[in-house]
Undergrad: 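Pasting a structure below so you can have a look.
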Amino acid sequence: MISIHNFNFNSKKALVRVDFNVPLDKETLQITDDKRIRAALPTINKILSDNGSAIIMSHLGRPKNGPEDKFSLKHIKSRVEQLTGAEVHFSKDCVGVDAEALSEKLLPGEILLLENVRFHGEETQGDEAFAKQLSKLGDCYVNDAFGTAHRAHASTCQIAQFFPNAKMCGFLMEKEIQSAKAVMEDTKRPFTAIVGGAKVSDKVLIVENLIDKADHIIIGGGMAYTFKKALGGNIGNSLCEDDRLDTCLEILKRAKQKGVSIHLPEDSIIADDFNNNAQSKTTESNQIEVGWMGLDIGSNASKEFSDVISKSKTILWNGPMGVFEMTSFQGGTKSIANAVASATKNGAYSLIGGGDSAAAAKKFGVDQIVSHVSTGGGALLEYFEGKTLPGIEAIRA
Ligand code: AMP
């Protein structure tokens, strides 16, 4: 596999697939958070400082039937200009004669930003002819879009075949792969996985796969109550997926067979409404009365979980421990964030992934302390579910 570190982009036109799917203000269409653009800067800057030019491909939002102004990448052109300091040209279509002419004229040190690749339905269909058209614009291919690595789309996957000797991962993608490997392949033990969030059904595959790898699995958040009910507990009005009770028992059984410790929250902060100002109190997680719901882990659970985390050498965290968006129910997630940060300071490798856990890490000020906060939600989940990611495979092939 070619490494971007050794590749010289001098006089080359590099087609770079990035994930510039940034949030835009609905009214003004101004960028509200540019971290995804910033995350791709090391790759873009390397290309430009080598005296090459960058042709940037990305999607933005989920356009259904062709072009839609609110999903146009033209809204982000000036921010790319500002952040790179380079001249940025914009192509109103990502393929076709105009795009080809703009690419032809592009000078070293300049950027050509292509319009949203998803304005063509062929992108998400992984259409080969469309990928070939895109490939005509550059003479090497860099994939730096980990967030879409689990999609076999034209610009993330099929396009790579047209650059058999000039395809590579960008710096961000490389960092994501290294972090995921540090957890799953070069695992230092004990390895603790912390899984939370709303639904068991979203996390079943990852938990099942982790049973083969982890020493401890901590389960918190709304999903913990389905486990509690499966074990015969009373969970009142807490979140529950009744069709997953057997799955929970199966997971607990397999974990026991494999010698993996599963930690469920002993106590919970419960509320009489899904509301920050609701009445609340602490109780055992399996003795929640009807009319009450568990919205956060309790202090005993926080203590037990933090204790396990403090003794771990590898930590993976996906999903909050409670409704951390509400101040009354953020304490559990905050204490876990702090425990992961302390363990990292003591030498553990920690990877936080998934939109909500990344937001929680930022909210509680540990995003700069942990080893890595992944930019990939779905892609990271699929990696830890044991699936291969087409975007990465295409570079390797
Ligand atoms: P997920 O996207 O599955 O990772 O779930 C994240 C969401 O789960 C967050 O918005 C949390 O507010 C929510 N959540 C976490 N714990 C609970 C809970 N005990 N009850 C209801 N929602 C929860």
Side-chain angles (χ1 to χ4, degrees), residues 23 147 150 193-208 210 217-230 233-244 247-248 251 263-302 305 316-337 340 351-364 373-385:
H150 57 315
I194 311 158
V195 187
K199 288 185 171 173
V200 173
S201 48
D202 288 347
K203 308 281 162 88
V204 156
L205 293 175
I206 190 169
V207 173
E208 280 176 346
L210 287 168
I217 301 180
I218 291 173
I219 297 178
M223 63 184 281
Y225 299 102
T226 306
F227 279 89
K228 287 284 176 184
K229 184 167 178 183
N234 297 320
I235 59 162
N237 293 38
S238 307
L239 272 187
C240 183
E241 289 170 272
D242 284 317
D243 57 341
R244 296 290 173 161
T247 313
C248 291
I251 285 173
H263 305 265
L264 290 163
E266 177 195 326
D267 57 349
S268 289
I269 298 179
I270 59 170
D272 61 357
D273 193 14
F274 190 78
N275 177 334
N276 195 36
N277 301 318
Q279 262 200 78
S280 66
K281 58 184 178 182
T282 302
T283 185
E284 307 270 297
S285 301
N286 54 9
Q287 288 174 28
I288 303 175
E289 298 154 46
V290 173
W292 292 79
M293 61 191 91
L295 295 185
D296 196 7
I297 56 172
S299 56
N300 289 342
S302 282
F305 292 178
L316 170 69
W317 180 19
N318 181 290
M321 296 292 101
V323 186
F324 76 103
E325 299 92 335
M326 298 184 194
T327 48
S328 307
F329 310 107
Q330 68 176 20
T333 305
K334 187 174 178 181
S335 65
I336 295 313
V340 175
L351 169 57
I352 300 188
D356 277 316
S357 343
K362 186 150 197 238
K363 182 169 183 179
F364 302 125
V373 179
S374 176
T375 54
L380 193 81
L381 266 184
E382 290 199 15
Y383 177 88
F384 286 108
E385 284 168 4

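Just follow the structure's listing: the first ligand is 1, and inside any ligand the first atom is 1. Computed from a predicted structure; not experimentally measured.
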Undergrad: Do Asn318 and Lys203 touch side chain to side chain, with heavy atoms closer than 4.5 Å?
TA: yes
Undergrad: May I ask you to decide if Gly298's main-chain N or O and Ser268's side chain share a donor-acceptor pair within less than 3.5 Å?
TA: no
Undergrad: Under 4.0 Å from ligand 1, counting heavy atoms only, is it the side chain of Met223, its backbone, both or neither?
TA: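 Neither part.
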Undergrad: Give yes if a backbone or side-chain nitrogen or oxygen of Asp356 is under 3.5 Å from a nitrogen or oxygen of ligand 1, and no if not.
TA: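 Yes - when backbone and side-chain N and O of Asp356 are compared with those of ligand 1, one distance drops under 3.5 Å.
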Undergrad: Against heavy atoms of Gly294, which atoms of ligand 1 measure under 4.0 Å?
TA: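 Near Gly294, the atoms of ligand 1 are 18 (C), 19 (N), 20 (N).
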Undergrad: For ligand 1, is there an N or O atom under 3.5 Å from any N or O atom of Gly222?
TA: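 In this structure, Gly222 places an N or O atom under 3.5 Å from an N or O of ligand 1.
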Undergrad: Looking only at heavy atoms, is any part of Val323 under 4.0 Å from ligand 1, and if so is it the side chain, the backbone, or both, or is it neither?
TA: both
Undergrad: Count the heavy atoms belonging to other residues, nucleotides or ligands that lie under 6.0 Å from NZ of Lys363, then report whether that count exceeds 12.
TA: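 Atom NZ in Lys363 is crowded, with more than 12 foreign heavy atoms closer than 6.0 Å.
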Undergrad: Provide the number and element of each atom of ligand 1 under 4.0 Å from a heavy atom of Leu295.
TA: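 By the 4.0 Å cutoff, the relevant atoms are 19 (N), 20 (N).
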Undergrad: Report yes or no: does a heavy atom of Tyr225 sit under 4.0 Å from some atom of ligand 1?
TA: yes
Undergrad: Give a yes or no on whether the backbone of Ala301 and the side-chain of Asp267 come within a donor-acceptor separation of less than 3.5 Å.
TA: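 The answer is yes, because a donor-acceptor pair under 3.5 Å joins these two groups.
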Undergrad: So which bit of Glu325 gets within less than 4.0 Å of ligand 1, heavy atoms only: side chain, backbone, both or neither?
TA: side chain
Undergrad: Examine ligand 1 and decide if any of its atoms is less than 4.0 Å from a heavy atom belonging to Met326.
TA: no
Undergrad: Counting distance only, does the side-chain N/O of Lys228 pair as donor-acceptor with the main-chain N or O of Pro265 below 3.5 Å?
TA: yes
Undergrad: Going from CD on Glu266 to CG on Leu264, what distance comes out if it is rounded to the nearest 0.5 angstrom?
TA: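 Glu266 atom CD to Leu264 atom CG measures 11.0 Å (nearest 0.5 Å).
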Undergrad: With atoms numbered from 1 as shown, which atoms in ligand 1 lie under 4.0 angstrom from a non-hydrogen atom of Gly221?
TA: 16 (N), 19 (N)
Undergrad: Hey, does the side chain of Ser357 reach the backbone of Gly319 with a donor-acceptor pair shorter than 3.5 angstrom?
TA: yes
Undergrad: Tell me which one of Cys240, Ser268, Gly322 gets a heavy atom nearest to atom 15 (C) of ligand 1.
TA: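 It is Gly322 whose heavy atom sits nearest to atom 15 (C) of ligand 1.
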Undergrad: Would you check if there is a donor-acceptor pair between the side chains of Glu241 and Ser201 at a distance under 3.5 Å?
TA: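 Distance-only check passes for Ser201 and Glu241.
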